[in-house]
Amino acid sequence: MEVCGSPAVTLREFGCEQSLLSRPDGSASFIQGDTSVLAAAYGPAEVKVSKEIYDRATLDVLIQPKVGLPSVRERAQEQCVRETCEASLLLSLHPRSSLTLILQLIHDDGSILSCFLNAACMALMDAGLPMSFLFCGVTCAIDVDGQIITDPTAAQEKESRAVMTFAIDSKEHKVMMSSTKGSFSVNELQQCVAVSQKASEKIFQFYRDSVKRRYSKTL
Amino acid sequence: MKETLLSNCERDFLLQAIAEKKRLDGRQTYDYRKMKITFGTDYGCCFVDLGKTRVMAQVSCELVAPKESRPNEGIMFFNIELSPMASPTFEQGRQSELSVKLNRQLERCLRNSKCIDTESLCVVSGEKVWKIRVDVHVLNHDGNLMDVASIAAITALCHFRRPDVSIQGDEVTVYSPEERDPIPLSIYHMPISVSFSFFQQGTYLLVDPCEREERVMDGLLMIAMNKHREICSIQSSGGIMLLKEQVMRCSKIASVKVSEITELLIKALENDKKARKEGGRCGFAESMPQERITALKFEETSVEMTDVAERASDVVQGAEAPPLMVPSPVVPVPGVGQVGLGLQNTWGLEEEEEDDEEEEAEECANRGEEGEEKVTKMEVERHKKDASREEDVVVLSDSEEEEVVVLHPETSAKTPNTAGPRSHQNGAATSKKRKKK
C-alpha cells in the first residue's frame, strides 16, 4: 500500500473466512485492506441443456455490484475471472455439469479484480472443486513518478498512470491472466509482472496457512 | 437450478414435530433466531444475520428531477436482489414470484407507511430532489427473508448519511463528505415486519420459520409494526383462513418482538456511532471474527523487490526482438506512401478494383492483428498504424476510407493458402502474418 520509495512495496493486510454461508457448496470472504468481496461456489450441479458441454463442466461466473444491476464493467470482470478459473479447474472431471461462482462486492477500495480472483480461489477450494493449481490475483499500479505500488487503494489507483492486475498460478508462478489500464513501457510491464510474482508468494503462503489452520486439531 | 424436492418423510417429520411443539433447532414457538447486526465501512451499508439467513443492505442517493405529481417530495426506491448466492434455485435476472412478492411487501412496509420524511429530501421544488435507493442483497437463504430484509433496510436507512446541501438564491451547492459532515435522513418511525407461519390449516403457528419449516407451511402472515404498536402493513398469503383471535394474538406477539428488535437495532447503531467517533476502523473487515478456525488474517506485509529490476530486464532482453519491418513508408510516387509488402496480384482485374480490395485487406489485417497479445507485436502494430497515418492520404478511388494505402503488388511466390478471391480478408491476414515471421 505504501509507495515504494524504499526497495520494498507492501501488500495491505488481508484476511479470509471460509464456509461462512450455509447454502452454497463453498463460500469465502476475502478482505484486502478495506476492499472486501464475498464469493460462493455451487457445483457440480445440474446444467441447462442449452448450456451443457459434452465433455466438460460449464463454469458460470456472476459478479454482483453493490448498487444497481450488473453492467458491462461487471461482465468484463467476469470474463477475466472465468478465464482464470477455467484454466485451473479440472473441468473434464465433471462433464455435462455446471459450476457456478458468484462474487458479491462488499466494499471497493482499490485492487478489486485481484480481490475477486483471490476470493474465487478460496471459494473453489472450500467447495472442494478439483483444480490443477491454485491462482491468486495481484494488482500493481504505476504512479506519476514511475514507482510501482502493489495492492493500491482506490485513491492511489486514481492518481496512477497505469493499473495492472495479474492472475498468477501457484505451480510455476506464471501469469495466467492480465488486465491492464493506462500506458506503460515494456520494461515497466515486465517489472510489474516480476513484482506480482513475488507478491503472489505471500498470498499462496496465506492460502496454505488458512487451510492448515482449518484442518488443524489445535488452533 | 430446479428446487430439490422435499421427501415425504422429512415433511412428515417436521409436521409431527411441530404438532408436538418441537422445532428443528430447539427453539420455542415464539422464539426468534439469534440476530446480529453489523455495519460496513461507508454509511448506509449494513449486514443482518438471523440464524443462518444473511442479508446485506446498501443505501445510496443521487439528485434527480422529482415526479410530476409530487414536485416537492423526494423519491424512494427499493430493490431486493435474490442473489444466486443465496440459494441454488435463485437465478440471475429472472423476476421470480418470490422476488416480486418480497419487493412489493418491502415497498408497502417502508414507503406506504411514510416512515421517511420525503419532504425533507427536496432541494429545489420541482427541479431537484434526492432519490434514495435501497438495495437489499440476500446472501444466504435460510428462511424468513422478509423479516431480515425489512430489518436490514430500515437499519441501513437509519445509518445512512446524505451529503449536505446549501441553497443561496438560485445556486445549489452539494458538499462532499470531506467538506461538510453528511447529515442523516429524517426518519419518523421504524417499521419492522414479523412473519408467522401456519401449519395444518392454521392449527399451529411458528414465528420466524427457517427454510425447512417454510417448505412445509400452509400459509404465512406478515405483520409490519413499529415500536409504538402501530401496524404499518399486514399481509396473509397461502390461502389459509385465520380466525380473528388468531390475528389479534399474532399482532400482540408481533408488538413484543418488534420492540425487542428495535432495541437491538438502536443499540447496534449506537455502538457503531461510538466506534466511528473514536476513529477506529470499522466495517466488514473489522467484524470478521478472529477466533474462528475458518478465518485467518495476515498483517500488512512487504514484498521483496531486490532482484525485480534484473529479472525484468532479463526477460525483456531474452524476448524475441520485434520482427523487422520497413520502418518508414516508402514513397514510390510523389503523393503516395506504401507500408508493407503487397501481395502478388493474380487476378488480372482492373487497377482500381485491385487497389480497393487490397486496401480492405490491409485494413483488415491491421485490425485483426491488433488483437494479438504479445506486447512487442502490439508496439510494432502501433508503429505501423501510426506510420500509415502519417503518410499523405491520396484518394485514388471512390472508396470513402480515410486511410488509403496503395500496395504495389510484388512478384513474390504465392503461398498456397491464399487461394480464393483477393478480397478474402482472412487469407490476406494469414499470409501477412507469415510474411512478418
Side-chain angles (χ1 to χ4, degrees), chain A residues 1-2 4 7-24 27 29 31 33-34 36 38-40 42 45-46 62 64 66-70 98 100 102 104 106-107 109 148 150 186-195 197-199 202 206 209-210 213-214 216 219, chain B residues 1-2 40-42 45 47 52-54 56 58-60 79 81 83-88 92-93 133 135 137 139-142 211 281 283-285 288-316 319 373 375-376 379:
Chain A
M1 181 168 134
E2 287 166 3
C4 88
V9 296
T10 57
L11 292 172
R12 294 181 277 184
E13 65 166 351
F14 40 88
C16 167
E17 189 184 348
Q18 290 185 306
S19 300
L20 59 163
L21 302 175
S22 69
R23 292 304 290 274
S27 56
S29 85
I31 298 164
D34 272 337
S36 47
L38 184 59
Y42 281 100
E46 203 186 313
L62 292 163
Q64 316 270 19
K66 227 174 37 155
V67 177
L69 295 169
S98 84
T100 316
I102 302 114
Q104 169 76 51
I106 305 272
H107 191 247
D109 191 33
I148 298 178
T150 46
V186 176
N187 237 313
E188 285 173 338
L189 171 70
Q190 291 302 335
Q191 282 194 345
C192 287
V193 169
V195 171
Q197 286 170 327
K198 290 261 156 141
K202 299 270 159 124
F206 176 72
D209 290 343
S210 307
R213 175 185 165 102
R214 197 163 154 200
S216 66
L219 252 182
Chain B
M1 244 185 5
K2 270 200 305 224
T41 322
D42 42 350
C45 176
F47 298 87
K52 295 195 201 138
T53 303
R54 192 178 252 226
M56 168 176 90
Q58 172 72 51
V59 179
S60 52
N79 179 34
E81 278 282 328
S83 166
M85 184 188 289
S87 162
Q92 171 75 5
R133 187 195 165 110
D135 284 284
H137 298 272
L139 302 175
N140 198 40
H141 174 29
D142 196 32
E211 200 252 338
R281 277 187 54 190
F284 189 63
M288 206 178 76
Q290 277 312 295
E291 58 295 335
R292 290 221 189 121
I293 206 170
T294 50
L296 183 62
K297 236 182 184 175
F298 250 27
E299 290 308 314
E300 204 170 303
T301 50
S302 62
V303 179
E304 288 265 318
M305 280 258 291
T306 40
D307 58 345
V308 158
E310 294 101 65
R311 269 177 77 174
S313 47
D314 282 344
V315 172
V316 173
E373 278 135 356
V375 172
T376 46
E379 289 192 313

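Throughout, protein chains are lettered first and strands after them, A, B, ... in sequence-line order, and every chain is numbered starting at 1.
With a threshold of 4.5 angstrom between heavy atoms, B:H141 approaches chain A through its backbone and through its side chain. In this structure, chain A has heavy atoms under 4.5 Å from both the backbone and the side chain of B:S83. A:D209 touches chain B through backbone and side chain together, each having a heavy atom under 4.5 Å away. When heavy atoms are compared at a cutoff of 4.5 Å, B:M85 approaches chain A by way of both its backbone and its side chain. Within the 4.5 angstrom heavy-atom criterion, atoms from both the backbone and the side chain of A:F206 approach chain B. Residue contact with chain B, scored on non-hydrogen atoms closer than 4.5 Å, involves the backbone and the side chain of A:Q104 alike. For a residue to count as touching a neighbouring chain, one of its non-hydrogen atoms must lie under 4.5 Å from one of that chain's; by this rule A:L62 touches chain B with the side chain only.
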### Task
List the steps, then state whether side chain to side chain contact (heavy atoms under 4.5 Å, CB included) holds for A:T150 with A:K198.
CA-CA 11 Å; A:T150 46; A:K198 290 261 156 141; over 6 Å; no
### Message
With side chain to side chain contact (heavy atoms under 4.5 Å, CB included) as the criterion, how do B:L296 and A:R214 come out once you've worked through the C-alpha distance, each side chain's angles and the decisive distance to 0.1 Å?
### Response
CA-CA 9 Å; B:L296 183 62; A:R214 197 163 154 200; over 6 Å; no
### Task
Given side chain to side chain contact (heavy atoms under 4.5 Å, CB included), test B:K52 with B:E211 step by step and report yes or no.
CA-CA 10 Å; B:K52 295 195 201 138; B:E211 200 252 338; over 6 Å; no
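Checking B:N140 against A:S22 by side-chain atom types alone, a donor-acceptor pair falls below 3.5 Å.
Contact check for A:I31 versus A:I106: no side-chain heavy atoms found under the 4.5 Å cut-off.
With chain A as partner, the option from B:L139, B:T53, B:N79 having the largest number of non-hydrogen pairs under 4.5 angstrom is B:L139. Between chain B and the options A:Q197, A:E46, A:H107, A:E188, heavy-atom pairs under 4.5 Å are most frequent for A:H107.
The closest donor-acceptor contact from the side chain of A:S27 to the backbone of A:A39 lies at 3.5 Å or more, if one exists at all.
A:K202 meets the side-chain contact (heavy atoms from CB on, under 4.5 Å) test with A:L11, B:T301; sequence neighbours excluded.
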